[in-house]
Number of protein chains: 2
Amino acid sequence: MQGPPEKRPIGMVLWKTVNETGRAFDLALSSVGGSRPMWFILLALKADPVASQREIAATVGIQGATLTHHLTAMEADGLLTRRRDPANRRVHLVELTDRGEAAFQRMRDAALDYDRKLRQGIPDEDIDRLRDTLDRLRENSASIMKSTRGHGTHT
Amino acid sequence: MQGPPEKRPIGMVLWKTVNETGRAFDLALSSVGGSRPMWFILLALKADPVASQREIAATVGIQGATLTHHLTAMEADGLLTRRRDPANRRVHLVELTDRGEAAFQRMRDAALDYDRKLRQGIPDEDIDRLRDTLDRLRENSASIMKSTRGHGTHT
DNA sequence: CACCAATCGTTTGACATCTAACTTTTAGAT
DNA sequence: ATCTAAAAGTTAGATGTCAAACGATTGGTG
């Protein structure tokens, strides 16, 4: 007795979707001098105009080391400033400059246009459900990470 | 007059979800000596035991250059063989070796376990809907890529 | 005060992915 | 037959991401 044909694992579908949609998005952003991580970092900063790096990393879902990398480049490019929080000198507070604000405005047009095209023909309700289910997957993966700490046996 | 509060752009939620779930998955696979791209390539080869590189790349959603990179490493590791198709010598046919088969079996346990934990508490119906909506997003992004060919104005 | 552990961020070195340019091979047109 | 264009892979160089180790700062405890 044989079960129903195996469906594609959801992790693979997710990964493939982000690879492919991400390529298209990067192409759209590069036409205004931007990139995916840059756009999402700017977006996080607009939502929270004076944020610590830890907060930004959590918002965009990348590791601190990766964020440092991007912030260093963006600061060198004059898009933002980093200064220590006088109240807690471990924390680095990040703020957009006028130049960063302008970059945000430029990318926003490209991003909105891309988002509209990406959702073409898909009801808002479906997108909302998608967002909810993705959130649940993220919650589960956070649990997995916590319970898997240090179980690696290789290398 | 002000519209409803902006929802998080679906592209950002997607990207964040794949970053975070992918980290957990990589951790699970590394404990049996595997990695995400390796696993998905093996999976594609199991579904289509003698495939061209072009087919594999399309199945897993990466570019040909990226696939070349992984296949070179996996071939050096004895997991697969590459040989030219006598009927069309441009094509390289890829096949799993016994060693590759064994690697697949090892990773499968880790992958199934991860998949089960990831879906914990989420109805199958929701996962099916997720898969469908992701497919529609991929279709749309394919259309965007076609119509955007060469519209880049920067650099 | 002095130590110790935790927190925030950076650095380093590895891997993954992409685009653009290139090689080899095939198919089509003349 | 030869030329040209397209297709399949590879290579080179750039960017993005991570984990692990480190540095600086703080808070807690003796």
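Side chains included, hydrogens not; waters and symmetry mates left out as well; all remaining heavy atoms used. These numbers come from a predicted model, not from an experiment. Order of the sequence lines fixes the chain letters, A, B, ..., with proteins taken first and strands second; residue numbering starts at 1 for each chain.
Contact of the A:V13 side chain with the A:K7 side chain is not registered, since no non-hydrogen atoms from C-beta on lie closer than 4.5 Å. The shortest side-chain heavy-atom distance between A:F25 and B:W15 does not fall under the 4.5 Å cut-off. Side chains of B:R131 and B:I127 form a contact here, defined as non-hydrogen atoms less than 4.5 Å apart. Residues A:L14 and A:L134 meet the side-chain proximity criterion, which asks for heavy atoms closer than 4.5 Å.
Between the CD1 atom of B:I41 and the P atom of C:dA16 there is a distance of 9 Å, rounded to whole Å. Taking atom CZ on A:R83 and atom C1' on D:dT25, their separation rounds to 18 Å, with Å as the unit. Following rounding to the nearest Å, B:N88 (CG) and D:dA7 (P) show an atom-to-atom distance of 12 Å. As a whole-Å value, the separation of A:H92 NE2 from C:dT7 P is 17 Å. In this entry the distance linking CG of A:L71 with P of D:dG16 reads 12 Å, nearest Å. Atoms CD1 (B:I56) and C1' (D:dT10) sit 15 Å apart, rounded to a whole Å. Protein atom CD1 of B:I62 is 13 Å distant from nucleotide atom C1' of D:dG9, rounded to whole Å. What separates CD of B:Q63 from P of C:dC18 is a distance of 5 Å, to the nearest Å.
Between B:D115 and B:R119 there is a salt bridge, since at least one side-chain N of the basic residue sits less than 4.0 Å from a carboxylate O of the acidic one.
Residue A:L67 is out of contact with every strand shown, counting any heavy-atom pair closer than 4.0 Å. Looking at heavy-atom distances under 4.0 Å, A:D26 makes no contact with the nucleic acid at all. Among the heavy atoms of the strands, none lies under 4.0 Å from A:T72.
Picking from C:dT26, D:dT17, C:dG9 the nucleotide with the shortest atom distance to the side chain of A:H69 gives D:dT17. Distance from the side chain of A:R82 is smallest to C:dT10 among D:dA8, C:dT10, D:dT11. Side-chain atoms of A:N19 lie closest to C:dC18 of the nucleotides C:dC18, D:dG16, D:dT11. Comparing C:dT10, D:dA19, C:dA16 by their closest approach to the side chain of A:A65 singles out D:dA19. Here D:dT26 is the nucleotide among C:dT26, D:dT26, C:dG9 with the atom lying nearest to any side-chain atom of A:R89. When distances run from any side-chain atom of B:S52 to the nucleotides D:dG9, C:dT19, C:dG9, the shortest one goes to D:dG9.
Phosphate contact (OP1/OP2 of D:dT25, side-chain N/O of A:R84, threshold under 4.0 Å): present. An OP1 or OP2 oxygen of D:dT17 is reached within less than 4.0 angstrom by a side-chain nitrogen or oxygen of B:W15. OP1 or OP2 of C:dA16 has at least one side-chain nitrogen or oxygen of B:S35 nearer than 4.0 Å. Residue A:Q53 places at least one side-chain N or O closer than 4.0 Å to OP1 or OP2 of C:dT10. In this structure, B:H70 reaches the C:dT17 phosphate: one of its side-chain N or O atoms is under 4.0 Å from OP1 or OP2. Under 4.0 angstrom from either OP1 or OP2 of C:dT7 there lies no side-chain N or O belonging to A:R90. Dashed line: the shortest gap from a side-chain N or O of A:R36 to OP1 or OP2 of D:dT17 is not under 4.0 Å. Within the structure, every side-chain polar atom (N or O) of A:T66 is placed at least 4.0 Å from both OP1 and OP2 of D:dT17.
Every residue two or more places apart in sequence or in another chain was checked for a side chain to side chain contact (heavy atoms under 4.5 Å, CB included) with A:S143, and none qualifies.
Between A:E20 and A:L93, the residue anchored nearer the 5' end of DNA chain C, judged by the nucleotide with its closest heavy atom, is A:L93. Residue-to-nucleotide proximity on DNA chain D shows that, of A:P37 and B:E55, the 5′-proximal contact is made by B:E55.
Side-chain contact of B:R84 with B:H92: a donor-acceptor pair under 3.5 Å is present, judged by distance alone.
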